[in-house]
Amino acid sequence: MLDFSQILYVFEPLNLLLMTVGVFGGLIVGAMPGLTSTMAVALLVPITFGMTVEMGLVLLMAVYIGAISGGLVSAALLNIPGTPSSVATTFDAFPMAKRGEAGKALAYGVFASFLGSLLSFFALALLAPILGAFALRFGPFEYFALVVFTLSCIISISGKSQVKGLLSACVGLLMAMVGLSNTDGVTRFTFGFSALQSGFAEMPVLIGMYAISQVLMDIADIKKPFKIISASFTVREFCQTAARFRHSVKNVIRSSLIGIGIGILPGVGPGLSNIVAYSTAKSSDKDPDSFGQGNPDGIIASETANNAATGGAMIPLLTLGIPGDVTTMMMLGAFMIHGVQPGPLLMRDHGNLVLIILSAYFISNILMLLLQVYFIRVLIKSLLIPRFILYPVILGLCVIGCYALNSSMTDVWIFLGTGLLGYVFTRLGFPLLPLVLGLLLGRMAETQLRVSIVMGNGSLAGYLDRPIALAFLAAAALSVGFSLYSKRKARLRREGLAAALASENAQG
């Protein structure tokens, strides 16, 4: 039975302070190029180990909300997206800032972020219980098929090469098999190292993959300062800009639906939603050529969609135990270190925790709006912090956090080793997300597959009697097939254009 009085938990002074600090810290991290929402949450997950699960998730939710929205500051003033979810924001925010309307560009982005998050909250509150009730029908067959579908989605969007995405996922699945088997207790792939009996701890791998690889990728430019466009942002200008949103209601609703829908897809999240929403807004506008020249609707579409995707990404995490994007994957690690398993039973066994998470999401969005309106000058000043000072501090905090999880140097070595592996993978064009998801979901997939085979008397034929499992497997096949078809079609189009251009040059 849900106790709705638990909603008042987030209004306790300590929790309000945590959310305020979390949102503001997230805004600063999001505003600084190279420091993504993933890194912000990764740095704080070890810290939450010493908190209650409710307090820890309240803090992480606040940081997530702040970091996604903070990316618009550097997108508008530097033409560099602070986070991948703000890539499309640069297309119109920076041209607007260059012509002396930086304050207006920031105002459009701030209010669009708030509206996207607000609509996403209602989707999260309405859809999560429905999807959670549906997921109670899942058994071993359905869970294994769901993992296959999730990995297929990730592989399908793995940049230029699905093969590299598949290989990356296989490496993650192999890493998940290190240590004692959950079903029969057999030790595997430890190579005589007793420290690996329990396998690779998820959090050191997650933090290493994304923190070390990002720092090493940026190290060539570590001494280069940012050149910032000056911006005058006032509360009055923000209110005047917000009043103009009545002309963009259709754009806001459409972009929010795109963000929520893409956020729900496993492993996709805000990074893709802002591009899709921007493209849709441009194609739907009466003057598409104005996009890229400082059109406010471009900023609105991008910032509404990427913030709406945050609530969408939380839906599969809470109801299925499958992260919607890389940052919610870090949150999955936070659930795990507190002994709470997200999924269909979360609503039943920890319903009050879900209410607290929803309340923290709503309050964090309000704090995000207020802090950006009244303290955006501080966010702009944060861009002046030298990276050669910032990055060593980040790595030091990562090492301390990894050690604090289990008071073990093994976790620190795993952090460093997988961080270097992540850097090598990134340099070679291998996506990291399939690898990390393979590690996180690999043990569950193996366990559910083996249990389903036992239930099927040693055969996989049991899947034929499970319509939900068959639907997931069919969707996985269609996802990969459609992606291969789309890439082949694009390649043929490029080859046709190249041939036509060569023919024109030959005739000329």
Side-chain angles (χ1 to χ4, degrees), residues 23 26-27 29-33 35-41 61-76 79-94 105-124 157 245 248 251-265 267-282 291 296-315 317 323-331 361 364-365 368-369 372 379 433:
V23 170
L27 287 169
V29 171
M32 302 188 68
L35 303 185
T36 62
S37 60
T38 303
M39 186 178 290
V41 173
M61 182 60 69
V63 172
Y64 184 27
I65 297 296
I68 293 296
S69 184
L72 74 92
V73 176
S74 54
N79 201 25
I80 303 174
T83 63
S85 60
S86 297
V87 170
T89 307
T90 62
F91 300 161
D92 284 286
F94 187 69
L106 291 172
Y108 276 115
V110 169
F111 198 60
S113 298
F114 173 71
L115 292 178
S117 296
L118 188 64
L119 293 173
S120 183
F121 163 77
F122 291 114
L124 176 60
I157 60 169
F245 267 70
S248 303
N251 188 12
V252 169
I253 295 175
R254 180 182 59 236
S255 300
S256 295
L257 292 175
I258 290 172
I260 293 166
I262 290 179
I264 291 174
L265 295 177
V268 183
L272 178 63
S273 64
N274 74 112
I275 298 291
V276 175
Y278 182 88
S279 300
T280 305
K282 181 177 179 180
F291 280 71
D297 278 324
I299 304 172
I300 292 169
S302 174
E303 287 301 312
T304 302
N306 63 25
N307 282 268
T310 58
M314 290 297 296
I315 292 173
L317 174 66
D325 66 350
V326 185
T327 309
T328 50
M329 186 163 54
M330 295 290 177
M331 289 190 184
Y361 186 95
S364 295
N365 281 311
M368 177 264 291
L369 176 66
Q372 283 193 300
L379 302 181
L433 186 55

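Heavy-atom basis, side chains included; hydrogens, waters and symmetry copies ignored.
- Partners of Leu118 according to the side chain to side chain contact (heavy atoms under 4.5 Å, CB included) rule, which considers only residues two or more places apart in sequence or in another chain, are Phe114, Phe122, Phe362.
- Atom CG of Leu124 is separated from atom CE of Met314 by 6.5 Å, given to the nearest 0.5 angstrom.
- By the 4.5 Å heavy-atom criterion applied to side chains, Leu257 and Ile253 are counted as neighbours.
- Contact between Ser273 and Gly259 at its shortest, heavy atoms only, is CB-CA, 3.9 Å.
- Residue Ala281 comes nearest to Arg254 through the heavy atom pair CA-NH2, 3.5 Å, listed as atom of the first residue, atom of the second, then distance.
- Evaluation of the side-chain hydrogen bond (donor to acceptor under 3.5 Å, both in side chains) rule for Thr280 yields no partner, not counting sequence neighbours.
- Applying the side-chain hydrogen bond (donor to acceptor under 3.5 Å, both in side chains) criterion to Tyr361, with sequence neighbours excluded, gives Ser120, Thr310.
- Rounding to the nearest 0.5 angstrom, the gap separating the CG atom in Leu106 from the OG atom in Ser113 is 10.5 Å.
- Pairing each heavy atom of Phe94 with each of Ala76, the nearest pair is CD1-O, 3.3 Å.
- Shown here for Ala277 and Ile258, the closest heavy-atom pair between the two residues is CA-CD1, 3.9 Å.
- With respect to Ser302, the side-chain contact (heavy atoms from CB on, under 4.5 Å) criterion is satisfied by exactly one of Asn306, Ile300, Thr304, Ile299: Asn306.
- Residues passing the side-chain hydrogen bond (donor to acceptor under 3.5 Å, both in side chains) test with Asp297, sequence neighbours excluded: Ser248, Asn251.
- Applying the side chain to side chain contact (heavy atoms under 4.5 Å, CB included) rule to Leu115 yields the partners Phe111, Phe245, Val252; only residues at least two apart in sequence or on another chain are considered.
- When all heavy atoms of Gly298 and Asp92 are compared, the closest pair comes out as CA-OD2, 3.7 Å.
- Looking only at distances, a side-chain donor or acceptor of Asn274 sits under 3.5 Å from a matching main-chain atom of Ala88.
- For Ser364, the side chain to side chain contact (heavy atoms under 4.5 Å, CB included) partners are Met19, Val23, Ala62, Ile65, not counting sequence neighbours.
- The nearest pair of heavy atoms linking Ala308 to Ile260 is O-CG1, 3.8 Å.
- Distance CE/Met368 to OG/Ser117: 4.0 Å, rounded to 0.5 Å.
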